[in-house]
2 protein chains.
Amino acid sequence: MDRRVKKSIAALKEALISLMVEKEFREITISEIVQRADLNRGTFYKHFQYKEDLFNDVIDDVMNDLIESYQAPYKTIEVLDIERLQSSTIRIFHHVENHRTFYQMILRPTALSGFQNRLGTVIKQLSLEDLLVGSDDKAINKDLLASYHAYSILGMIIQWVQDEFKNTPEYMAEQLVKIIHYRPIGVTVPKK
Amino acid sequence: MDRRVKKSIAALKEALISLMVEKEFREITISEIVQRADLNRGTFYKHFQYKEDLFNDVIDDVMNDLIESYQAPYKTIEVLDIERLQSSTIRIFHHVENHRTFYQMILRPTALSGFQNRLGTVIKQLSLEDLLVGSDDKAINKDLLASYHAYSILGMIIQWVQDEFKNTPEYMAEQLVKIIHYRPIGVTVPKK
DNA sequence: ATACTTAATGAACACTTGTTTGTTAACTTT
DNA sequence: AAAGTTAACAAACAAGTGTTCATTAAGTAT
């Protein structure tokens, strides 16, 4: 890859990130980005169509790091006991902490992903009111459980939509009940 | 509320929805919206700042319907047995089907919520590779389970961010394990 | 029915966007 | 080191954005 391209794209990413710390993505203009990156506006359009595309490149970097940190435990462990999956092997939360500023930027309620956050928040509220009434396990953080539950339902809906509504709503409801009552089985699987 | 306002906003919502069926939200201009709504551009800016704000109004309508359909079962049932929560009481999937076009529009992978979808997809992929290895329950749809699992983790991360990283990553990982092993308790709670 | 309030309009403004075109200069390949 | 390639640049364009302001007319309240 041409060194000029690498430098330009790196400068654009840098500029976008530093702007996103200061203001909403919505309000950042391409002119501002190139101004901060000290590049010509045409250079931006040579590589990207929208600022969203540039942002996707930034996301790519973080996602690659996530994939690495998720797979990291398996590199040292020869066999994986699913039932006894220790919380220490779950590295994803460390990854998030390492990219703290990024995730804060990305997931703040007002930000980008308007609809999914809204839907998630609504379901979470409903969960808090209802499904948690019977729970008395003091060791479990209620807010975390509600958010877990809310977004898991969102996940099922997204999968359903991606499957083009092939299943019936009744099937979906049944699956939800089954998954909630499901537990991973304690088998030991040899690595790869 | 002034009848003119109600009519204008309704026309703008209508116009936006019909445009969103045809093309990406990104590519819809405010000029197009008012043109289709047969209104002056200034009228749009009287009520909204960005097209995102108008879109939020559309979302509000659907969310209100969701809240209703979620709470509907409890209106007829006097007591609620959490353990025996029948799938038939879970109305949320019917709500989604009733707004099929809307959800398809909103949740298609290329659309709006870039980052969360990306994050969800990555975690789902990783889940499919790993956590499902030991599962042999033929009654559970693997893709649904993976998506459920992926977005539930996303939900925990979002909650963590909203709590301003008060907890440690180790705590988060422990909570995840606890929640996965958690089951709702079979208590019967009197309605309100 | 009349007076008031204010939504909707049209025109105008500086600015950003997305695109194109020719020129300059940096990089790669031989 | 020279030749060929192409990124970065500057300038210019139509179209959209976000804002303001005076004018018209629809709606509300008395």
Side-chain angles (χ1 to χ4, degrees), chain A residues 1-61 105-106 108 110-115, chain B residues 1-61 105-106 108 110-115:
Chain A
M1 199 193 213
D2 197 310
R3 254 157 55 221
R4 289 169 297 179
V5 177
K6 237 194 287 186
K7 279 182 188 173
S8 294
I9 291 183
L12 289 169
K13 281 186 200 169
E14 268 303 310
L16 176 58
I17 292 171
S18 86
L19 280 166
M20 284 186 72
V21 174
E22 295 167 24
K23 52 161 97 174
E24 285 284 323
F25 184 77
R26 202 17 285 212
E27 287 159 344
I28 297 169
T29 69
I30 289 167
S31 301
E32 273 179 311
I33 297 171
V34 294
Q35 195 182 329
R36 189 163 297 202
D38 192 27
L39 288 171
N40 188 274
R41 203 159 56 85
T43 304
F44 176 93
Y45 285 107
K46 180 141 235 160
H47 301 294
F48 308 100
Q49 193 175 9
Y50 312 120
K51 56 182 175 169
E52 280 81 0
D53 298 328
L54 169 59
F55 185 54
N56 273 332
D57 266 32
V58 174
I59 293 177
D60 275 336
D61 296 342
M105 220 164 65
I106 288 302
R108 62 178 165 220
T110 53
L112 294 160
S113 48
F115 174 68
Chain B
M1 197 194 216
D2 198 310
R3 253 153 63 219
R4 288 170 296 179
V5 177
K6 234 193 289 185
K7 279 184 188 173
S8 294
I9 290 183
L12 288 170
K13 281 185 201 171
E14 268 302 311
L16 176 59
I17 292 170
S18 86
L19 280 165
M20 284 185 73
V21 175
E22 294 166 25
K23 51 163 97 174
E24 284 285 322
F25 184 77
R26 221 340 313 202
E27 288 160 344
I28 297 169
T29 69
I30 291 168
S31 301
E32 273 179 312
I33 297 171
V34 293
Q35 194 182 331
R36 189 164 298 201
D38 193 26
L39 289 171
N40 188 275
R41 203 159 58 86
T43 304
F44 176 92
Y45 286 106
K46 179 140 235 158
H47 302 294
F48 307 100
Q49 193 175 8
Y50 312 119
K51 57 180 175 170
E52 279 81 0
D53 298 328
L54 168 60
F55 185 53
N56 272 332
D57 266 32
V58 174
I59 293 177
D60 275 336
D61 296 341
M105 219 165 64
I106 289 302
R108 62 179 164 219
T110 53
L112 294 161
S113 49
F115 174 68

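The structure presented is a predicted model; accordingly, all values stated were derived computationally and were not measured. Reminder, nothing fancy here: chain letters follow the sequence lines and each chain counts from 1.
Between the side chain of A:Lys46 and the backbone N or O of A:Val5, no donor-acceptor pair lies under 3.5 Å. Listed for the A:Asp57 side chain is no donor-acceptor partner under 3.5 Å among the backbone atoms of A:Leu54.
The A:Arg3 side chain lies nearest to C:dC27 when the options are D:dA7, D:dG27, C:dC27. Side chain of A:Thr43, nearest nucleotide from D:dA8, C:dT19, C:dA8: D:dA8.
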### Task
Mind running side chain to side chain contact (heavy atoms under 4.5 Å, CB included) on B:Leu12 and B:Val34 for me, showing each step along the way?
CA-CA 7 Å; B:Leu12 288 170; B:Val34 293; 4.1 Å; yes
### Query
Run the side chain to side chain contact (heavy atoms under 4.5 Å, CB included) check on A:Lys51 and A:Leu16 step by step: do they pass?
CA-CA 9 Å; A:Lys51 56 182 175 169; A:Leu16 176 58; 5.6 Å; no
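With A:Leu19 as the partner, the side-chain contact (heavy atoms from CB on, under 4.5 Å) test is satisfied by one option alone out of A:Glu27, A:Glu14, A:Glu32, A:Glu24: A:Glu32.
At whole-Å resolution of the value, CD1 in A:Ile30 and C1' in D:dG16 are 13 Å apart. Look at CE on B:Met1: it is 15 Å from C1' on C:dA8, rounded to the nearest Å. For the pair A:Arg4 CZ and C:dT24 C1', the computed distance is 11 Å after rounding to whole Å. With rounding to whole Å, A:Lys51 atom NZ is found 13 Å from C:dT16 atom P. Across the protein-nucleic acid pair, B:Tyr45 atom OH and C:dA12 atom P stand 19 Å apart, rounded to whole Å. Rounded to whole angstrom, the span from the CG atom of B:Asp2 across to the P atom of D:dA26 amounts to 12 Å. With rounding to whole Å, B:Tyr50 atom OH is found 7 Å from D:dT19 atom P. Atom CZ of B:Phe44 is separated from atom C1' of C:dA7 by 16 Å (rounded to the nearest Å).
Neither OP1 nor OP2 of D:dA7 sits under 4.0 Å from any side-chain N or O of A:His47. Checking the phosphate oxygens (OP1, OP2) of C:dG10, a side-chain nitrogen or oxygen of B:Asn40 falls inside 4.0 Å. Dashed line: the shortest gap from a side-chain N or O of B:Thr29 to OP1 or OP2 of D:dA15 is not under 4.0 Å. Not one side-chain nitrogen or oxygen of A:Ser31 sits closer than 4.0 Å to the OP1 or OP2 atom of C:dC15.
Where B:Arg41 and B:Ser8 meet DNA chain C, the nucleotide closest to each residue was compared, and B:Ser8 sits on the side nearer the 5' end. Residue A:Ile28 is the one, among A:Ile28 and A:Gly42, whose nearest nucleotide of DNA chain C lies closer to the 5' end (criterion: closest heavy atom).
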